[in-house]
2 protein chains.
Amino acid sequence: MTLDREQVLRSAAALLTRKSTATMDEVARAAGIGRATLHRHFAGRDALVAALENLGIQEFEAALDAAALDEGSAEDGLRRLVTAVQPGAGLLSFLVTENQLFEGDDVNEGWSRLDARVSAFFRRGQERGEFRIDLTPAWLTEALYGLIGSCAWSVQTGRVAAQDFSYMIVELLLGGARRSVEK
Amino acid sequence: MTLDREQVLRSAAALLTRKSTATMDEVARAAGIGRATLHRHFAGRDALVAALENLGIQEFEAALDAAALDEGSAEDGLRRLVTAVQPGAGLLSFLVTENQLFEGDDVNEGWSRLDARVSAFFRRGQERGEFRIDLTPAWLTEALYGLIGSCAWSVQTGRVAAQDFSYMIVELLLGGARRSVEK
DNA sequence: AGTCGATGGGACATCGCTGTCTCACATGGG
DNA sequence: CCCATGTGAGACAGCGATGTCCCATCGACT
């Protein structure tokens, strides 16, 4: 009967992804538990968000590991990364938004580590001549986050099919919308 | 002594762009007026946001008009649009986020009109052979919003120089990060 | 069956924000 | 000079969300 903490976090993530202002009561209902029980496991809203943050960081880091960014071309690596990220895309964009809201310098060090990994990936791609050098790694990183968020939202509203998720992001990020002559 | 309504809206936009959860009191302070005065001019928070929405729609529509999207190449049109949008980029991304939060089917009809204009622009670009046809106009539209938001945020945090705003967005959206051989 | 631990529901006080009101004051016009 | 309009500051009640507590209940384990 012990509460499935993981399951609670999953449903909370799913709900907060759609409605980031959901109350503790709504989160509890969505998880199928009572508000009191939710409070027993997460001291308060802050603690809940912190737990979600850890979950998101862990998932994103796992996606980075699974993508094996350095194997093969940078393009293939990015494609694997976006595909691996898709299941947690909603949570990721919720956390990015939440982080922007957050005014405090003590940013979770997990984010800087992840940012560094993504940024380093783009930099290596530039050094290997696969990526343009006039778009900075920092911007490409932010743009990737933005596109993931936009595409997750587009999927949720039906503007983009879920199966096209990684294609739309990677093609736009790498190839751009311009129609090249040789294609 | 009459209150400068426009000025209040500007500072409210600037504040809410940075901190979208700011209270009425903070908005009033930021505008250099008392909370009571703020309430005299905007019945409540909803009314304030609605006024900001109208302002944002108006600005974005003006940018669309000023960009003259149909003159010259689609690429130049997009470049003009992004440049014209830059001053209102923060407000725009605040409103986009606010709209996602909003759960009600009565979306401000201004947005659908603007969406339609942007979407139609991408579609025309496809028909003229300037844009790829495997990325749907709806996705390109959402991606444009996302990139504008990401870049505005990046500028605010110092990751991207303000003068590079339109370059970073347009180059990424049109050309992509891949380094083509002929360049 | 009996006990223990965890849960759900409800009651409760508290807190922050909101919206309204009043009053004193300043500025500008008649 | 006096009046009118608009403003700032503060007080006030209302509301929704939060966090804590208690108690009845349910399930698992002995």
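No experiment lies behind these values; they were computed from the predicted model shown.
- To the nearest angstrom, C1' of D:dC26 lies 16 Å from CD1 of A:Ile33.
- Atom CG in B:Leu38 sits roughly 14 Å away from atom C1' in C:dT20 (whole-Å rounding).
- For B:Thr37 and D:dG8, the shortest distance from a side-chain N or O to OP1 or OP2 is below 4.0 Å.
- For the OP1/OP2 pair of D:dT18 and a distance below 4.0 Å, the side-chain nitrogens and oxygens of A:Arg45 include at least one atom meeting the criterion.
- For the pair A:His41 and C:dT7, the criterion of a side-chain N or O lying under 4.0 Å from OP1 or OP2 is met.
- The base of C:dG9 does not come close enough to the side chain of A:Arg35 for any donor and acceptor atom to sit less than 3.5 Å apart.
- For DNA chain C, the neighbouring residues in residues 15-24 of chain B, judged by any heavy atom under 4.0 Å, are B:Thr23, B:Met24.
- Considering only residues two or more places apart in sequence or on other chains, A:Asp134 meets the salt bridge (charged side-chain N to carboxylate O under 4.0 Å, His left out) condition with A:Arg132.
- When each of B:Asp25 and B:Arg40 is assigned the nucleotide of DNA chain C with its nearest heavy atom, B:Asp25 is the one assigned upstream, toward the 5' end.
- Checked against side-chain hydrogen bond (donor to acceptor under 3.5 Å, both in side chains), A:Arg45 has no partners two or more places apart in sequence or in another chain.
- Nearer the 5' end of DNA chain C, as judged by each residue's closest nucleotide, is the contact made by A:Gly32, out of A:Gly32 and B:His39.
- Atom P of nucleotide D:dG19 and atom CG of A:Leu48 are separated by 10 Å, given to the nearest angstrom.
- A search for ring-ring contact (aromatic ring centres under 6.0 Å, His included) contacts involving A:Phe122 returns A:Phe131, not counting sequence neighbours.
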Verdict with supporting geometry, A:Asp76 and A:Arg80, salt bridge (charged side-chain N to carboxylate O under 4.0 Å, His left out): CA-CA 6 Å; A:Asp76 290 341; A:Arg80 287 193 299 269; 5.2 Å; no
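- Pairs of residues two or more places apart, or lying in two chains, that qualify as side-chain hydrogen bond (donor to acceptor under 3.5 Å, both in side chains) and include a residue from residues 138-155 of chain B are B:Asp115-B:Tyr145.
- Straight-line distance from the CZ atom of B:Phe42 to the C1' atom of C:dC17: 19 Å, rounded to whole Å.
- Partners of B:Glu71 according to the salt bridge (charged side-chain N to carboxylate O under 4.0 Å, His left out) rule, which considers only residues two or more places apart in sequence or in another chain, do not exist here.
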